K.L.:
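Okay, here's the structure, questions in a sec.
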Amino acid sequence: MKNPVNLKYTKEHEWIRIDGDIATVGITDYAQDQLTDVVFVELPEEGKQIEQNGNLCVVESVKSVSDIFSPISGEIVEVNKALENSPELVNHEPLEGGWMVKLKAINEAELDQLMTTEEYNKFLTGIE
Amino acid sequence: MDLIDTGFNNAYINMAIDEVLLSSRVPVLRVYQWEPCAVSIGKYQDLDDIDLGYCDESNIDIVRRITGGKAVLHEKELTYSFIIDKEMMPRSIIESYKIISSAIIQGLRTLGLNLEMHSSNIKNKDNPVCFQEPSFNELTINKKKIIGSAQARIKGKLLQHGSILTGINTEKHSSCFKIKPEAEDLRKGITYIDIPERKLKDAIKQGFSSYFNTSLNERSLCNSELSEAKKLASVKYKSENLSYGVQSSLRTTSL
């Protein structure tokens, strides 16, 4: 799966997309592939403040639970409730229907620390 | 790599010690056993899977693990836990299982045992019984599951623990579940190693030492680790049973 150019990425393989003052966060195709079948996503509460690199949610797959981190700080304004019944969306549509949370109050300086698509693709090449 | 043998403890202390060891600066291999026997359930497993009445009557403690996976009755077994910086292991969960399984295979080979890694994933994700189905790179002997394992990647660490069966009471195992698996089916799918636990411990230690090409520094828990574990056992693991309802309400589908 190609990594879209309008996203930014972390070294922990989360992606973030900015639409106005809202940031949508999920995990990349590479990340979901390493997790294999996602069977449960513990989503955070809406309204919660999160720090950059703070624990955003927890994903269970193949008998492992893994922390997912927030690429930037902000307030959680929406969580993807579809994942409660369909956690497999994280595997099937990691960059679309498998999004996890939406944040507001975006910190531009934090965004600048994240990787562009080109940088992330290079980063992936380095670890594969 | 530190090696810690904590011997027999109750379920709450056992799970608390694993959590405390997540703060270790060096990799840790811990071996331990359970007294009294207990059922551990996965972090997100529905408590409704368990026959609470039976467990209560039979003095079987119930504890929720911080790792994923399904329920295990810990009775006749040697349990290991392995804690390491997650950056030192592959990001792929399947690959990391493979590495830890390889260390165990190497160790148990010294006892003349030939374990195999299971090559496919669990078929029935709704099955609440850990030992009823092997997952990717879990260990079997003659296609029968012998070690049940589960993992967490939290606080920058990878924690994997696993139960190496040294015996099994299939009727008791089955009775712990609300929907009881046939004891005969469990007998067909599970096996155990009839070897004194001391020898088994030595083999596991040897396997990790040799596979990771490192010496093991045998130590006990320090006082601060022990007191932190006792506190966690009481405020989290023992009392968490009461909040199962909250956990269950998070779930809208069963795993």
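Being a predicted model, the structure only gives us computed values, none of them experimental. Chain A is the first sequence line, chain B the second, and so forth, proteins listed ahead of strands; every chain is numbered from 1.
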K.L.:
Looking at Ala152(B) and Ser64(A), what are the two nearest heavy atoms and their distance?
P.N.:
N-OG, 4.1 Å
K.L.:
Could you tell me whether Asn142(B) atom CG has more than 12 heavy atoms of other residues or ligands within 6.0 Å of it?
P.N.:
no
K.L.:
Which atoms of Glu95(B) come close to chain A, meaning under 4.5 Å heavy atom to heavy atom: side chain ones, backbone ones, both, or neither?
P.N.:
neither
K.L.:
Looking at Ile94(B) and Thr36(A), what are the two nearest heavy atoms and their distance?
P.N.:
CD1-CG2, 3.3 Å
K.L.:
Does a side-chain N-to-carboxylate-O contact under 4.0 Å join Glu87(B) and Lys11(A)?
P.N.:
no
K.L.:
Under the salt bridge (charged side-chain N to carboxylate O under 4.0 Å, His left out) rule, what do Glu12(A) and Lys86(B) come out as? Steps first, then yes or no, please.
P.N.:
CA-CA 11 Å; Glu12(A) 289 286 344; Lys86(B) 70 173 185 165; 2.9 Å; yes
K.L.:
Taking all non-hydrogen atoms of both residues into account, name the closest pair between Val58(A) and Tyr44(B) and its distance.
P.N.:
CB-OH, 3.1 Å
K.L.:
Side-chain contact test, heavy atoms from C-beta onward, threshold under 4.5 Å: evaluate it for Ser66(A) versus Ile93(B) and give yes or no.
P.N.:
yes
K.L.:
Given heavy-atom pairs under 4.5 angstrom as the criterion, report whether the side chain, backbone, both or neither of Ser135(B) touches chain A.
P.N.:
side chain
K.L.:
To the nearest 0.5 angstrom, please state how far the CZ atom of Arg153(B) sits from the CD1 atom of Ile68(A).
P.N.:
10.5 Å
K.L.:
What's the separation between atom OG in Ser92(B) and atom CG in Asp33(A), rounded to the nearest 0.5 Å?
P.N.:
8.0 Å
K.L.:
For the OH atom on Tyr211(B), are there more than 12 heavy atoms of other groups (residues, nucleotides or ligands in this structure) within a distance under 6.0 Å?
P.N.:
yes
K.L.:
Between Ile66(B) and chain A, which part of the residue has a heavy atom less than 4.5 Å away: side chain, backbone, both or neither?
P.N.:
backbone
K.L.:
Decide side chain to side chain contact (heavy atoms under 4.5 Å, CB included) for Tyr30(A) and Arg91(B); before the verdict, give the C-alpha distance in whole Å, the side-chain angles of both, and the deciding distance to 0.1 Å.
P.N.:
CA-CA 10 Å; Tyr30(A) 174 82; Arg91(B) 190 173 180 93; 4.0 Å; yes
K.L.:
Look at atom NZ of Lys98(B) and say whether more than 12 heavy atoms of other residues, nucleotides or ligands are closer to it than 6.0 Å.
P.N.:
no
K.L.:
Return the option, out of Lys63(A), His13(A), Gln34(A), with the maximum number of heavy-atom pairs under 4.5 Å with chain B.
P.N.:
Lys63(A)
